[in-house]
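Heavy atoms only: backbone and side chains are in, while hydrogens, waters and symmetry mates are out. Start at 1 and go down the list; that is how both ligands and their atoms are numbered.
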Amino acid sequence: MDFAHSPRTQDLLARLTAFQEREIAPREEPYHRAMLAGPDPWTSPVPPVIDELKAMARAEGLWNLFLPPGATLAGESIGAGLSNVEYAPLAERMGRSLIASEVCNCNAPDTGNMEVLLHFGSEDQRARWLAPLLDGTIRSAFCMTEPDVASSDATNMQATATIDGDEVVLNGRKWWSTGIGHPSCRVLIFMGLTDSQADRYHQHSMVLVPLPTPGVRVERMLSTMGFADAPGGHGEVSFTDVRLPASAIVGGPGQAFAIAQARLGPGRIHHCMRLIGLAELALGLACVRAGERVAFGKPLANLGGNRERIADARIAIDQARLRVLHAAWLIDTQSPDALGAVSQIKVSVPNMAQGVVDMAIQLHGGAGLSDDYPLGAAWTIARALRLADGPDEVHRGVVARLELARHGIGRWAPSASSSSSSSSS
Ligand SMILES: Cc1cc2nc3c(=O)[nH]c(=O)nc-3n(C[C@H](O)[C@H](O)[C@H](O)COP(=O)(O)OP(=O)(O)OC[C@H]3O[C@@H](n4cnc5c(N)ncnc54)[C@H](O)[C@@H]3O)c2cc1C
(Lines give C-alpha, C1' and ligand atoms only; values in the text may rest on other atoms or scores of the structure.)
Protein backbone atom coordinates (compact mmCIF):
# COMPACT_ATOMS: atom_id res chain seq x y z
CA MET A 1 0.00 0.00 0.00
CA ASP A 2 1.17 3.48 -0.87
CA PHE A 3 0.11 6.46 1.21
CA ALA A 4 2.19 9.05 -0.66
CA HIS A 5 0.14 12.11 -1.57
CA SER A 6 -1.06 11.87 -5.16
CA PRO A 7 -0.34 14.87 -7.43
CA ARG A 8 -4.01 15.93 -7.04
CA THR A 9 -3.75 15.79 -3.25
CA GLN A 10 -0.46 17.69 -3.29
CA ASP A 11 -2.00 20.43 -5.40
CA LEU A 12 -5.21 20.67 -3.36
CA LEU A 13 -3.38 20.45 -0.04
CA ALA A 14 -1.05 23.30 -0.97
CA ARG A 15 -3.97 25.46 -2.07
CA LEU A 16 -6.13 24.49 0.93
CA THR A 17 -3.30 25.21 3.37
CA ALA A 18 -2.67 28.61 1.81
CA PHE A 19 -6.40 29.39 1.82
CA GLN A 20 -6.80 28.40 5.47
CA GLU A 21 -3.79 30.47 6.53
CA ARG A 22 -4.62 33.49 4.38
CA GLU A 23 -8.43 33.70 4.56
CA ILE A 24 -9.81 31.49 7.33
CA ALA A 25 -7.29 31.86 10.17
CA PRO A 26 -7.55 35.66 10.55
CA ARG A 27 -11.35 35.51 10.51
CA GLU A 28 -11.89 32.47 12.72
CA GLU A 29 -11.36 33.93 16.17
CA PRO A 30 -13.47 37.07 15.52
CA TYR A 31 -16.21 34.76 14.19
CA HIS A 32 -16.23 32.64 17.36
CA ARG A 33 -16.17 35.78 19.51
CA ALA A 34 -19.15 37.19 17.62
CA MET A 35 -21.06 33.92 18.10
CA LEU A 36 -20.30 33.91 21.83
CA ALA A 37 -21.25 37.56 22.24
CA GLY A 38 -24.82 37.23 20.96
CA PRO A 39 -27.62 37.24 23.56
CA ASP A 40 -29.12 33.98 22.29
CA PRO A 41 -27.20 31.68 19.92
CA TRP A 42 -30.43 30.46 18.30
CA THR A 43 -31.90 33.84 17.42
CA SER A 44 -28.78 35.95 16.89
CA PRO A 45 -27.99 36.48 13.22
CA VAL A 46 -25.20 34.28 11.84
CA PRO A 47 -22.17 36.48 11.03
CA PRO A 48 -21.93 36.78 7.22
CA VAL A 49 -18.25 35.77 7.23
CA ILE A 50 -19.01 32.06 6.73
CA ASP A 51 -20.96 32.72 3.53
CA GLU A 52 -18.21 35.08 2.34
CA LEU A 53 -15.58 32.42 2.97
CA LYS A 54 -17.73 29.77 1.28
CA ALA A 55 -17.90 31.87 -1.85
CA MET A 56 -14.10 32.25 -1.81
CA ALA A 57 -13.49 28.52 -1.22
CA ARG A 58 -15.80 27.65 -4.07
CA ALA A 59 -14.10 30.12 -6.40
CA GLU A 60 -10.74 28.54 -5.53
CA GLY A 61 -11.97 25.01 -6.29
CA LEU A 62 -11.78 23.99 -2.61
CA TRP A 63 -15.35 22.78 -2.58
CA ASN A 64 -17.12 19.41 -2.11
CA LEU A 65 -13.75 17.67 -1.83
CA PHE A 66 -15.35 14.71 -0.01
CA LEU A 67 -17.33 13.45 -2.99
CA PRO A 68 -16.20 10.01 -4.17
CA PRO A 69 -14.87 9.29 -7.68
CA GLY A 70 -17.57 8.99 -10.34
CA ALA A 71 -20.13 11.17 -8.52
CA THR A 72 -22.60 12.75 -10.94
CA LEU A 73 -25.68 14.93 -10.81
CA ALA A 74 -27.97 15.22 -13.85
CA GLY A 75 -25.24 13.61 -15.95
CA GLU A 76 -22.58 16.13 -14.87
CA SER A 77 -19.46 15.10 -12.95
CA ILE A 78 -19.39 16.63 -9.46
CA GLY A 79 -16.73 16.99 -6.75
CA ALA A 80 -13.00 16.43 -6.85
CA GLY A 81 -13.29 12.65 -7.42
CA LEU A 82 -10.75 11.84 -4.72
CA SER A 83 -10.25 8.40 -3.20
CA ASN A 84 -10.41 8.18 0.60
CA VAL A 85 -6.61 8.00 0.79
CA GLU A 86 -6.41 11.16 -1.31
CA TYR A 87 -9.08 12.97 0.72
CA ALA A 88 -7.62 12.10 4.17
CA PRO A 89 -4.86 14.78 4.25
CA LEU A 90 -7.34 17.42 3.10
CA ALA A 91 -9.90 16.52 5.76
CA GLU A 92 -7.08 16.51 8.31
CA ARG A 93 -6.08 20.01 7.20
CA MET A 94 -9.66 21.23 7.51
CA GLY A 95 -9.84 19.59 10.96
CA ARG A 96 -7.24 22.08 12.25
CA SER A 97 -9.95 24.72 12.14
CA LEU A 98 -13.42 24.60 13.69
CA ILE A 99 -14.99 26.21 10.61
CA ALA A 100 -12.92 25.13 7.58
CA SER A 101 -14.98 22.01 6.85
CA GLU A 102 -18.15 24.05 6.61
CA VAL A 103 -16.41 26.72 4.56
CA CYS A 104 -15.40 24.02 2.03
CA ASN A 105 -18.84 22.32 2.15
CA CYS A 106 -17.26 19.21 3.67
CA ASN A 107 -18.96 19.23 7.08
CA ALA A 108 -21.05 16.65 8.90
CA PRO A 109 -23.92 15.91 8.82
CA ASP A 110 -24.40 17.45 5.36
CA THR A 111 -21.71 15.28 3.74
CA GLY A 112 -23.34 12.07 4.98
CA ASN A 113 -26.77 13.27 3.88
CA MET A 114 -25.42 14.25 0.47
CA GLU A 115 -23.91 10.77 0.10
CA VAL A 116 -27.29 9.21 0.94
CA LEU A 117 -28.94 11.28 -1.79
CA LEU A 118 -26.10 10.63 -4.21
CA HIS A 119 -26.22 6.86 -3.84
CA PHE A 120 -29.88 6.20 -2.98
CA GLY A 121 -31.92 9.30 -3.90
CA SER A 122 -34.40 9.30 -6.79
CA GLU A 123 -33.83 11.79 -9.59
CA ASP A 124 -36.45 14.10 -8.09
CA GLN A 125 -34.94 13.86 -4.60
CA ARG A 126 -31.50 14.60 -5.95
CA ALA A 127 -32.70 17.60 -7.94
CA ARG A 128 -34.68 19.01 -5.02
CA TRP A 129 -32.20 18.40 -2.19
CA LEU A 130 -28.79 17.26 -3.40
CA ALA A 131 -28.31 20.17 -5.79
CA PRO A 132 -28.76 22.93 -3.15
CA LEU A 133 -26.75 20.97 -0.58
CA LEU A 134 -23.89 20.70 -3.06
CA ASP A 135 -24.24 24.42 -3.68
CA GLY A 136 -24.02 25.06 0.06
CA THR A 137 -27.17 27.17 -0.05
CA ILE A 138 -29.10 24.94 2.37
CA ARG A 139 -28.17 22.77 5.35
CA SER A 140 -29.56 19.46 6.60
CA ALA A 141 -29.95 17.20 9.65
CA PHE A 142 -30.08 13.46 10.30
CA CYS A 143 -32.67 12.24 12.82
CA MET A 144 -32.04 8.73 14.06
CA THR A 145 -31.26 8.88 17.80
CA GLU A 146 -34.23 8.92 20.19
CA PRO A 147 -34.33 10.17 23.78
CA ASP A 148 -36.50 7.34 25.05
CA VAL A 149 -34.54 4.30 23.86
CA ALA A 150 -30.89 3.19 23.86
CA SER A 151 -30.12 4.27 20.33
CA SER A 152 -26.69 2.67 20.12
CA ASP A 153 -28.85 -0.33 19.19
CA ALA A 154 -30.68 1.24 16.26
CA THR A 155 -33.20 -1.62 16.14
CA ASN A 156 -34.66 -0.13 19.34
CA MET A 157 -36.05 2.80 17.36
CA GLN A 158 -39.68 3.62 18.23
CA ALA A 159 -40.49 6.52 15.90
CA THR A 160 -42.75 5.43 13.08
CA ALA A 161 -42.90 6.04 9.34
CA THR A 162 -46.25 4.46 8.47
CA ILE A 163 -47.39 4.03 4.88
CA ASP A 164 -50.95 5.30 4.38
CA GLY A 165 -52.03 4.99 0.74
CA ASP A 166 -49.69 7.12 -1.28
CA GLU A 167 -48.48 8.97 1.80
CA VAL A 168 -46.09 8.27 4.66
CA VAL A 169 -46.97 9.49 8.17
CA LEU A 170 -44.23 10.24 10.71
CA ASN A 171 -44.59 10.16 14.49
CA GLY A 172 -42.00 10.14 17.28
CA ARG A 173 -39.29 12.11 18.98
CA LYS A 174 -35.62 12.43 18.06
CA TRP A 175 -32.68 14.17 19.67
CA TRP A 176 -29.09 15.05 19.05
CA SER A 177 -30.19 16.07 15.57
CA THR A 178 -27.05 17.95 14.56
CA GLY A 179 -27.53 21.02 12.38
CA ILE A 180 -31.26 21.40 13.03
CA GLY A 181 -30.76 24.83 14.60
CA HIS A 182 -29.14 26.37 11.53
CA PRO A 183 -31.33 29.05 9.91
CA SER A 184 -30.55 27.47 6.52
CA CYS A 185 -31.54 23.92 7.58
CA ARG A 186 -34.20 23.06 4.97
CA VAL A 187 -34.33 19.27 5.02
CA LEU A 188 -33.83 16.43 7.45
CA ILE A 189 -33.59 12.70 7.04
CA PHE A 190 -35.93 10.94 9.46
CA MET A 191 -35.47 7.26 10.28
CA GLY A 192 -38.57 5.37 11.51
CA LEU A 193 -40.32 2.02 11.83
CA THR A 194 -42.46 1.10 8.81
CA ASP A 195 -43.12 -2.62 9.08
CA SER A 196 -42.71 -4.39 12.41
CA GLN A 197 -43.46 -7.74 10.70
CA ALA A 198 -40.49 -7.55 8.36
CA ASP A 199 -37.18 -9.07 9.39
CA ARG A 200 -35.31 -7.00 11.99
CA TYR A 201 -33.17 -5.19 9.43
CA HIS A 202 -35.91 -4.34 6.93
CA GLN A 203 -38.41 -2.69 9.25
CA HIS A 204 -37.25 0.92 9.00
CA SER A 205 -37.38 3.63 6.35
CA MET A 206 -35.55 6.89 5.73
CA VAL A 207 -37.79 9.80 4.82
CA LEU A 208 -36.82 13.24 3.50
CA VAL A 209 -38.65 15.91 5.48
CA PRO A 210 -38.69 19.49 4.14
CA LEU A 211 -38.39 22.23 6.75
CA PRO A 212 -40.73 23.66 7.75
CA THR A 213 -43.42 20.95 7.52
CA PRO A 214 -46.59 20.91 9.70
CA GLY A 215 -46.11 18.57 12.67
CA VAL A 216 -42.31 18.97 12.87
CA ARG A 217 -41.27 20.96 15.91
CA VAL A 218 -37.83 21.69 17.37
CA GLU A 219 -38.65 21.29 21.06
CA ARG A 220 -35.29 22.57 22.32
CA MET A 221 -31.68 22.95 21.45
CA LEU A 222 -29.21 20.89 23.51
CA SER A 223 -25.78 22.02 24.61
CA THR A 224 -22.75 19.75 24.45
CA MET A 225 -20.88 20.11 27.76
CA GLY A 226 -21.96 23.75 27.82
CA PHE A 227 -21.17 24.47 24.16
CA ALA A 228 -24.14 25.49 22.03
CA ASP A 229 -22.36 24.53 18.79
CA ALA A 230 -24.39 27.31 17.20
CA PRO A 231 -25.53 28.06 14.61
CA GLY A 232 -26.16 24.40 13.66
CA GLY A 233 -26.29 22.91 17.13
CA HIS A 234 -28.06 19.74 18.19
CA GLY A 235 -31.80 19.66 18.75
CA GLU A 236 -34.63 17.60 20.18
CA VAL A 237 -37.34 17.32 17.54
CA SER A 238 -40.90 16.02 17.75
CA PHE A 239 -42.83 14.62 14.79
CA THR A 240 -46.62 14.58 15.13
CA ASP A 241 -48.71 13.14 12.28
CA VAL A 242 -46.29 14.54 9.72
CA ARG A 243 -47.78 13.67 6.31
CA LEU A 244 -45.60 13.49 3.23
CA PRO A 245 -45.97 11.85 -0.17
CA ALA A 246 -44.54 8.30 -0.16
CA SER A 247 -42.07 9.55 -2.78
CA ALA A 248 -40.23 11.22 0.14
CA ILE A 249 -38.95 7.78 1.22
CA VAL A 250 -35.33 7.24 0.23
CA GLY A 251 -34.58 4.00 -1.61
CA GLY A 252 -38.03 2.50 -0.81
CA PRO A 253 -39.68 1.34 2.43
CA GLY A 254 -37.59 -0.87 4.72
CA GLN A 255 -34.24 0.19 3.27
CA ALA A 256 -33.08 2.44 6.12
CA PHE A 257 -30.60 0.01 7.65
CA ALA A 258 -28.89 -0.78 4.38
CA ILE A 259 -28.62 2.95 3.62
CA ALA A 260 -27.40 3.75 7.15
CA GLN A 261 -24.59 1.20 6.77
CA ALA A 262 -23.49 2.91 3.59
CA ARG A 263 -23.84 6.40 5.12
CA LEU A 264 -22.01 5.72 8.33
CA GLY A 265 -18.78 4.22 6.93
CA PRO A 266 -17.59 7.39 5.15
CA GLY A 267 -19.04 9.58 7.92
CA ARG A 268 -16.99 7.79 10.58
CA ILE A 269 -13.71 7.86 8.72
CA HIS A 270 -14.20 11.54 7.83
CA HIS A 271 -14.63 12.33 11.54
CA CYS A 272 -11.37 10.49 12.26
CA MET A 273 -9.51 12.33 9.50
CA ARG A 274 -10.62 15.69 10.90
CA LEU A 275 -9.74 14.66 14.46
CA ILE A 276 -6.12 14.05 13.43
CA GLY A 277 -6.04 17.72 12.35
CA LEU A 278 -7.66 18.78 15.61
CA ALA A 279 -5.00 16.88 17.59
CA GLU A 280 -2.28 18.55 15.48
CA LEU A 281 -3.79 21.94 16.30
CA ALA A 282 -3.70 21.13 20.02
CA LEU A 283 -0.15 19.76 19.93
CA GLY A 284 1.06 22.84 18.04
CA LEU A 285 -0.49 25.14 20.64
CA ALA A 286 0.98 23.02 23.45
CA CYS A 287 4.48 23.25 21.99
CA VAL A 288 4.32 27.03 21.57
CA ARG A 289 3.03 27.45 25.12
CA ALA A 290 5.61 25.05 26.55
CA GLY A 291 8.40 26.89 24.75
CA GLU A 292 7.34 30.42 25.65
CA ARG A 293 6.06 30.24 29.21
CA VAL A 294 8.51 30.03 32.09
CA ALA A 295 8.00 28.53 35.54
CA PHE A 296 10.59 27.74 38.19
CA GLY A 297 13.20 29.40 36.00
CA LYS A 298 12.68 27.13 32.99
CA PRO A 299 10.38 26.94 29.96
CA LEU A 300 7.47 24.63 30.73
CA ALA A 301 8.85 22.25 28.10
CA ASN A 302 11.83 21.57 30.34
CA LEU A 303 9.82 20.86 33.46
CA GLY A 304 8.72 17.51 34.82
CA GLY A 305 7.62 15.01 32.19
CA ASN A 306 6.46 17.62 29.66
CA ARG A 307 8.91 16.61 26.92
CA GLU A 308 7.74 13.01 27.25
CA ARG A 309 4.11 14.16 27.05
CA ILE A 310 4.84 16.10 23.88
CA ALA A 311 6.70 13.12 22.41
CA ASP A 312 3.87 10.75 23.32
CA ALA A 313 1.37 13.07 21.63
CA ARG A 314 3.45 13.12 18.43
CA ILE A 315 3.73 9.32 18.48
CA ALA A 316 -0.01 8.91 19.10
CA ILE A 317 -1.00 11.30 16.29
CA ASP A 318 1.33 9.70 13.76
CA GLN A 319 0.12 6.21 14.65
CA ALA A 320 -3.49 7.33 14.37
CA ARG A 321 -2.85 8.93 10.98
CA LEU A 322 -1.39 5.71 9.62
CA ARG A 323 -4.34 3.71 10.94
CA VAL A 324 -6.77 6.14 9.30
CA LEU A 325 -4.92 5.96 5.99
CA HIS A 326 -4.91 2.18 6.21
CA ALA A 327 -8.67 2.14 6.82
CA ALA A 328 -9.10 4.58 3.91
CA TRP A 329 -7.05 2.29 1.67
CA LEU A 330 -9.16 -0.73 2.71
CA ILE A 331 -12.34 1.19 1.78
CA ASP A 332 -10.83 2.33 -1.52
CA THR A 333 -9.83 -1.23 -2.41
CA GLN A 334 -13.25 -2.54 -1.29
CA SER A 335 -11.62 -4.90 1.16
CA PRO A 336 -13.89 -6.89 3.47
CA ASP A 337 -11.53 -5.81 6.27
CA ALA A 338 -12.70 -2.19 5.93
CA LEU A 339 -15.61 -2.67 8.35
CA GLY A 340 -13.38 -3.75 11.23
CA ALA A 341 -10.73 -1.15 10.40
CA VAL A 342 -13.29 1.68 10.52
CA SER A 343 -14.59 0.45 13.88
CA GLN A 344 -11.00 0.29 15.16
CA ILE A 345 -10.23 3.90 14.24
CA LYS A 346 -13.65 5.04 15.45
CA VAL A 347 -12.48 3.89 18.90
CA SER A 348 -8.82 4.82 18.79
CA VAL A 349 -8.81 8.22 17.08
CA PRO A 350 -11.34 10.12 19.27
CA ASN A 351 -9.60 8.68 22.35
CA MET A 352 -6.21 9.74 20.98
CA ALA A 353 -7.48 13.24 20.16
CA GLN A 354 -9.13 13.60 23.56
CA GLY A 355 -5.84 12.65 25.24
CA VAL A 356 -3.71 15.02 23.15
CA VAL A 357 -6.11 17.93 23.65
CA ASP A 358 -6.24 17.19 27.36
CA MET A 359 -2.43 17.32 27.54
CA ALA A 360 -2.49 20.66 25.70
CA ILE A 361 -5.10 22.05 28.10
CA GLN A 362 -2.95 21.01 31.06
CA LEU A 363 0.14 22.72 29.62
CA HIS A 364 -1.87 25.92 29.17
CA GLY A 365 -2.93 25.98 32.82
CA GLY A 366 -6.15 27.91 33.42
CA ALA A 367 -5.90 29.54 29.99
CA GLY A 368 -6.51 26.11 28.42
CA LEU A 369 -10.03 26.05 29.79
CA SER A 370 -10.85 29.62 28.79
CA ASP A 371 -12.40 30.84 25.55
CA ASP A 372 -9.05 32.44 24.68
CA TYR A 373 -8.00 29.10 23.16
CA PRO A 374 -9.98 26.61 21.10
CA LEU A 375 -8.92 23.76 23.39
CA GLY A 376 -12.11 23.46 25.44
CA ALA A 377 -14.15 23.22 22.25
CA ALA A 378 -11.62 20.77 20.76
CA TRP A 379 -11.80 18.51 23.81
CA THR A 380 -15.58 18.54 23.67
CA ILE A 381 -15.56 17.61 19.97
CA ALA A 382 -13.21 14.68 20.59
CA ARG A 383 -15.19 13.54 23.64
CA ALA A 384 -18.50 13.75 21.79
CA LEU A 385 -17.13 11.60 18.99
CA ARG A 386 -16.64 8.77 21.44
CA LEU A 387 -20.47 8.66 21.40
CA ALA A 388 -21.65 10.13 18.09
CA ASP A 389 -21.73 7.61 15.24
CA GLY A 390 -21.83 4.83 17.83
CA PRO A 391 -20.21 4.66 21.28
CA ASP A 392 -16.73 3.18 21.77
CA GLU A 393 -18.16 0.01 23.29
CA VAL A 394 -20.28 -0.79 20.25
CA HIS A 395 -17.30 -0.44 17.92
CA ARG A 396 -15.14 -2.50 20.27
CA GLY A 397 -17.90 -5.11 20.03
CA VAL A 398 -17.51 -5.18 16.24
CA VAL A 399 -13.72 -5.51 16.48
CA ALA A 400 -14.00 -8.26 19.09
CA ARG A 401 -16.56 -10.22 17.12
CA LEU A 402 -14.40 -10.12 14.01
CA GLU A 403 -11.36 -11.16 16.02
CA LEU A 404 -13.19 -14.05 17.68
CA ALA A 405 -14.57 -15.16 14.32
CA ARG A 406 -10.98 -15.43 13.06
CA HIS A 407 -10.59 -18.10 15.70
CA GLY A 408 -13.85 -19.82 14.81
CA ILE A 409 -15.67 -18.46 17.82
CA GLY A 410 -19.14 -16.96 17.37
CA ARG A 411 -20.85 -16.15 14.09
CA TRP A 412 -20.29 -12.92 12.22
CA ALA A 413 -22.95 -11.67 9.86
CA PRO A 414 -22.42 -7.97 9.02
CA SER A 415 -25.91 -7.49 7.61
CA ALA A 416 -27.40 -8.80 10.85
CA SER A 417 -25.33 -6.55 13.11
CA SER A 418 -27.12 -3.86 15.03
CA SER A 419 -23.83 -2.51 16.21
CA SER A 420 -22.60 -1.12 12.93
CA SER A 421 -25.88 0.77 12.50
CA SER A 422 -25.49 2.94 15.55
CA SER A 423 -26.87 6.45 15.38
CA SER A 424 -24.91 9.00 13.56
CA SER A 425 -24.14 12.63 13.18
C1 LIG B 1 -22.39 15.84 19.66
C2 LIG B 1 -23.30 14.73 19.20
C3 LIG B 1 -23.86 14.78 17.95
C4 LIG B 1 -24.74 13.78 17.51
N5 LIG B 1 -25.34 13.89 16.29
C6 LIG B 1 -26.30 13.02 15.94
C7 LIG B 1 -27.07 13.20 14.73
O8 LIG B 1 -26.83 14.16 13.98
N9 LIG B 1 -28.08 12.36 14.46
C10 LIG B 1 -28.38 11.30 15.28
O11 LIG B 1 -29.29 10.56 14.96
N12 LIG B 1 -27.66 11.08 16.43
C13 LIG B 1 -26.65 11.91 16.77
N14 LIG B 1 -25.97 11.74 17.95
C15 LIG B 1 -26.37 10.67 18.84
C16 LIG B 1 -25.35 9.56 19.01
O17 LIG B 1 -25.14 8.87 17.79
C18 LIG B 1 -25.89 8.65 20.12
O19 LIG B 1 -25.79 9.40 21.33
C20 LIG B 1 -25.11 7.36 20.26
O21 LIG B 1 -25.34 6.52 19.15
C22 LIG B 1 -25.47 6.60 21.52
O23 LIG B 1 -26.84 6.41 21.64
P24 LIG B 1 -27.53 6.80 23.06
O25 LIG B 1 -27.17 8.21 23.36
O26 LIG B 1 -28.96 6.45 22.99
O27 LIG B 1 -26.77 5.90 24.13
P28 LIG B 1 -27.23 4.48 24.68
O29 LIG B 1 -27.61 3.59 23.55
O30 LIG B 1 -28.21 4.71 25.75
O31 LIG B 1 -25.87 3.94 25.28
C32 LIG B 1 -25.34 4.48 26.49
C33 LIG B 1 -24.07 3.77 26.84
O34 LIG B 1 -24.32 2.37 27.02
C35 LIG B 1 -23.14 1.66 26.78
N36 LIG B 1 -23.36 0.66 25.73
C37 LIG B 1 -24.22 0.71 24.69
N38 LIG B 1 -24.08 -0.38 23.91
C39 LIG B 1 -23.10 -1.11 24.46
C40 LIG B 1 -22.48 -2.34 24.12
N41 LIG B 1 -22.84 -3.04 23.03
N42 LIG B 1 -21.50 -2.82 24.94
C43 LIG B 1 -21.12 -2.13 26.05
N44 LIG B 1 -21.67 -0.97 26.43
C45 LIG B 1 -22.64 -0.46 25.64
C46 LIG B 1 -22.09 2.68 26.29
O47 LIG B 1 -21.28 3.10 27.37
C48 LIG B 1 -22.97 3.80 25.78
O49 LIG B 1 -22.30 5.04 25.73
C50 LIG B 1 -25.04 12.69 18.38
C51 LIG B 1 -24.46 12.64 19.65
C52 LIG B 1 -23.60 13.63 20.07
C53 LIG B 1 -23.02 13.55 21.46
**Study point:** Student check: side-chain heavy atoms of Val342 and Leu330 closer than 4.5 Å
**Key:** no

Exercise for review: Number the atoms of ligand 1 from 1 as they appear, then name those within less than 4.0 Å of a heavy atom of Glu393, with their elements.
Suggested key: 42 (N), 43 (C), 44 (N), 45 (C), 46 (C), 47 (O)

Practice item. Report, in ascending order of atom number, the atoms of ligand 1 lying under 4.0 Å from any heavy atom of Phe142. Key: 7 (C), 8 (O), 9 (N), 10 (C), 11 (O)

Practice item. Check whether more than 12 heavy atoms from other residues, nucleotides or ligands sit under 6.0 Å from atom CD of Gln362, and answer yes or no. Key: no

Point to revise | Numbering as shown, the atoms of ligand 1 that approach Val149 to under 4.0 Å (heavy-atom distance) | key: 26 (O)

Study note, to complete from the structure: One should read off an interatomic distance between Ile249 CD1 and Thr194 OG1, to the nearest 0.5 angstrom, of 6.0 Å

Review point. With a 4.0 Å heavy-atom cut-off (strictly under), which part of Asp389 contacts ligand 1: side chain, backbone, both or neither?
Key: backbone

Check your understanding: Do any nitrogen or oxygen atoms of Asp153 come within less than 3.5 Å of a nitrogen or oxygen of ligand 1?
Key -> no

Exercise for review: List the steps, then state whether ring-ring contact (aromatic ring centres under 6.0 Å, His included) holds for His326 with Phe3.
Suggested key: CA-CA 8 Å; His326 182 239; Phe3 298 149; 7.0 Å; no

Review point. When only distance counts, is Ser152 in polar contact with ligand 1, meaning an N/O pair under 3.5 Å?
Key: yes

Review point. In terms of atom number and element, which parts of ligand 1 are under 4.0 angstrom from non-hydrogen atoms of Thr178?
Key: 3 (C), 4 (C), 5 (N), 6 (C), 7 (C), 8 (O)

Review point. If you measure from CG on Leu62 to CG on Leu53, what distance do you get to the nearest 0.5 Å?
Key: 11.5 Å

**Study point:** Per-atom contacts, ligand 1 versus Ala384 - under 4.0 Å to a heavy atom
**Key:** 1 (C)

Point to revise | Geometric N/O contact Met144 with ligand 1, under 3.5 angstrom | key: yes

Point to revise | Nearest-0.5 Å distance that lies between atom CH2 in Trp63 and atom CG in Asp135 | key: 7.5 Å

**Study point:** Backbone or side-chain N or O of Thr224 under 3.5 Å from ligand 1 N or O
**Key:** no

Review point. Is Glu146 touching ligand 1 with its side chain, its backbone, both, or neither, if touching means heavy atoms under 4.0 Å apart?
Key: neither

Check your understanding: Any N/O of Thr145 closer than 3.5 Å to an N/O of ligand 1?
Key -> yes

Exercise for review: Given ring-ring contact (aromatic ring centres under 6.0 Å, His included), test His364 with Tyr373 step by step and report yes or no.
Suggested key: CA-CA 9 Å; His364 279 75; Tyr373 290 89; 4.6 Å; yes

Check your understanding: Which one holds for Pro109 and ligand 1: side chain close, backbone close, both close, or neither close, with close meaning a heavy atom under 4.0 Å?
Key -> neither

Exercise for review: Provide the full list of salt bridge (Lys or Arg N to Asp or Glu O under 4.0 Å) pairs with a residue in residues 359-384, sequence neighbours left out, each pair given once.
Suggested key: Arg33-Asp372

Practice item. Mind checking salt bridge (charged side-chain N to carboxylate O under 4.0 Å, His left out) for Glu92 and listing every partner two or more places apart, or none if nothing turns up? Key: Arg321

